[in-house]
Amino acid sequence: MLSILANRTFRSLFIAQLVAVLGTGLATVALSLMAYDIAGSQAGSVLGTALAIKMIASVSLAPVAAALAERFSRKNILVGLDLLRAAVMVAFPFVTEVWQIYCLIFVLQAASAGFTPTMRATIPDVLPDERDYTRALSLTQLTYDLESVASPVIAALLLTFFNFHELFAGTVLGFLASAAFIAVTILPSRRIITQDRIAKRTLTGMRIYIGTPRLRGLLAFSLVASCGSAMIIVNTVVLVQANMGLTQTATALALATYGAGSMVAALCVPRLLEAIQDRTAMLIGASFIIVGMLAAGFIGTFALILAVMLILGMGYGLIQTPAGRLIRRSSGEADRATVFAAQFSFTHVCWLINYPLAGWLGAAIGLPRTFWLLGGLALVATVSALRLWPRKDPDILSHVHDNLAPDHQHLHDGCTQGRTIGHAHVFVLDELHERWPANR
């Protein structure tokens, strides 16, 4: 897996992601502690609302940002958004009111809504080989898992000597370092394949995403993943500190265990996907989340909390890690960035649903019942994913083009049997293929 770090461009992008997410992880812990400091036992509802605002920014702005990114240098966009995120984090230590948290979260996520899809769409250009790209996805997932593992551990150590406000300084340094690594990296040149209007490009990725069966299934599995992650992010501090009377260090350790589970799953994915399909791997992950959520309603000791955190983290990693493979498989070069943005936007709809549910239900009916309700939602979403994403899912599909002239060049590319009989090739939705073939 580590052999792909020999690619200098990917290595620079990987390090940029790594230092940024370590800083973001410190901010996640600090934000939870800040909410508890301001709101006490109602911290869960405050975090639920704050994260719902974060998701609204992601859902509304990611597709627009991706369309704009096609017109400008990706490097300049990535560096500029890192600097904007650093500037926002400078303001967090001065927050004294809940509404200030909400405002800063919106601006921060608006920048991330442009940064993350642009970065993810760049990596397939850097690593065109599918095996290399699969390994890159695992390493990329590991960087995000480090946000849940290494950052809470570092936070626990720092909290021994400093107030949680100082943790935000680590995030600032992370974003600045990320911007520096990207600034000195030479990214692959790319052709501007389309000059469509921004409004049209904004909707293109969404149309492709919704029209592709495997991506509809991916969205349902993403809903499963968000059920577990929302409960962990929103209510861990309430479960550990308010309900069990433990310390900030215990909260950090619980979050680290969740990230460790996801990391273990990400490390296993490259070999696992050589033996089973992406759909099967995600189904295993969904099963872990469902079992973990139902078991969480009965936990009464910190040891059991850690066990459930590990199971939920593994389920999350098994669902999230292969997602980039499906996006790459289901999009052409011209539309890939907009499809990644659609994935970013649609999956954040899932968190937009589950973050406030986790916070508000946790405060209203208690954590055990909330675990069970969201576990039930995860079960329904899993069944939906299996129905939306057929087990037989070949890349090459036979199809017809009733809307093309008989002498159109596309009808003579690949294996052609005639305009009305049909021809076959690797199928993705694009300008020539607006609908998925029937009975597929």
Side-chain angles (χ1 to χ4, degrees), residues 51-52 54-60 62-63 66 109 112-113 116-117 120-121 137-138 140-141 144-145 147-148 205-234 258-259 261-262 265-266 269 273 277-290 292-293 312-331 338-358 374-390 393:
L51 294 171
K54 177 179 175 180
M55 296 306 107
I56 290 172
S58 299
V59 170
S60 59
Q109 193 60 22
S112 295
T116 303
R120 289 177 177 172
L137 287 175
S138 294
T140 300
Q141 184 62 39
Y144 291 111
D145 291 337
E147 179 180 341
S148 301
M206 293 184 172
R207 178 184 62 80
I208 293 172
Y209 196 104
I210 293 299
T212 304
R214 72 177 70 94
L215 296 185
R216 293 198 296 268
L218 171 61
L219 179 56
F221 277 126
S222 297
L223 179 59
V224 178
S226 71
C227 288
S229 63
M231 279 300 295
I232 299 306
I233 294 172
V234 172
Y258 176 75
S262 183
V269 161
L273 294 182
Q277 297 179 346
D278 300 76
R279 180 180 184 270
T280 304
M282 291 185 175
L283 176 59
I284 295 172
S287 300
F288 281 8
I289 289 175
I290 293 168
M293 294 288 282
L312 291 176
M314 291 176 66
Y316 182 82
L318 286 171
I319 290 176
Q320 290 293 97
T321 306
R325 282 168 48 105
L326 297 182
I327 301 295
R328 183 188 187 190
R329 179 184 169 195
S330 305
S331 59
T338 61
V339 180
F340 269 103
Q343 162 72 1
F344 187 81
S345 182
F346 285 138
T347 54
H348 280 70
V349 170
C350 299
W351 279 295
L352 176 59
I353 294 169
N354 282 315
Y355 276 141
L357 276 180
L374 292 186
L377 177 59
L379 176 60
V380 172
T382 299
V383 174
S384 299
L386 298 180
R387 293 178 63 86
L388 292 168
W389 184 356
D393 184 28

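Cys350 and Ser226 get closest at one heavy-atom pair: CB-OG, 3.4 Å. The two residues Ala358 and Ala230 come nearest to each other via the heavy atoms CB-O, 3.9 Å. A pairwise comparison of heavy atoms in Ala281 and Leu273 identifies CB-CD2, 3.9 Å as the closest pair. Pairing each heavy atom of Ala225 with each of Ile289, the nearest pair is CA-CD1, 3.7 Å. Looking at every heavy atom in both residues, Leu215 comes nearest to Ile208 through CD1-O, 4.5 Å. Of all non-hydrogen atoms in Met293 and Gly228, the two that sit nearest each other are SD-CA, 3.8 Å.
Taking 4.5 Å as the limit, some side-chain heavy atom of Tyr355 sits within range of a side-chain heavy atom of Ile233. Looking only at side-chain heavy atoms (C-beta outward), Ile327 and Leu218 come within less than 4.5 Å of each other. Proximity of Thr382 to Met282: side-chain heavy atoms (C-beta onward) are nowhere separated by under 4.5 Å. Using a 4.5 Å heavy-atom cutoff, the side chains of Leu312 and Phe288 are not in contact. At a threshold of 4.5 Å between non-hydrogen side-chain atoms, the residues Asn354 and Leu377 count as touching.
In this structure, Thr212 OG1 and Arg207 CZ are separated by 9.0 Å, a value rounded to the nearest 0.5 Å. Separating the CD1 atom in Ile290 from the CG atom in Leu374 is a distance of 12.0 Å, to the nearest 0.5 Å. We find the OG-CD distance between Ser262 and Gln320 to be 8.0 Å, quoted to the nearest 0.5 Å. The distance from atom CD1 of Ile284 to atom CG of Leu318, rounded to the nearest 0.5 Å, is 7.0 Å.
Residue pairs meeting the side chain to side chain donor-acceptor pair (under 3.5 Å) criterion with at least one member in residues 213-224, sequence neighbours excluded, are Arg214-Ser330, Arg214-Asp393.
Within the 3.5 Å criterion, the main-chain N or O of Leu386 finds a donor-acceptor partner in the side chain of Arg279.
Ring pair Trp389/Phe221 is perpendicular by interplanar angle, where above 60° counts as perpendicular and below 30° as parallel.
Partners of Arg325 by salt bridge (Lys or Arg N to Asp or Glu O under 4.0 Å), not counting sequence neighbours, listed by chain and number: Glu130, Asp278.
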| message | Apply side-chain contact (heavy atoms from CB on, under 4.5 Å) to residues Leu219 and Tyr209 and explain how you reach the verdict. | response | CA-CA 9 Å; Leu219 179 56; Tyr209 196 104; 3.8 Å; yes
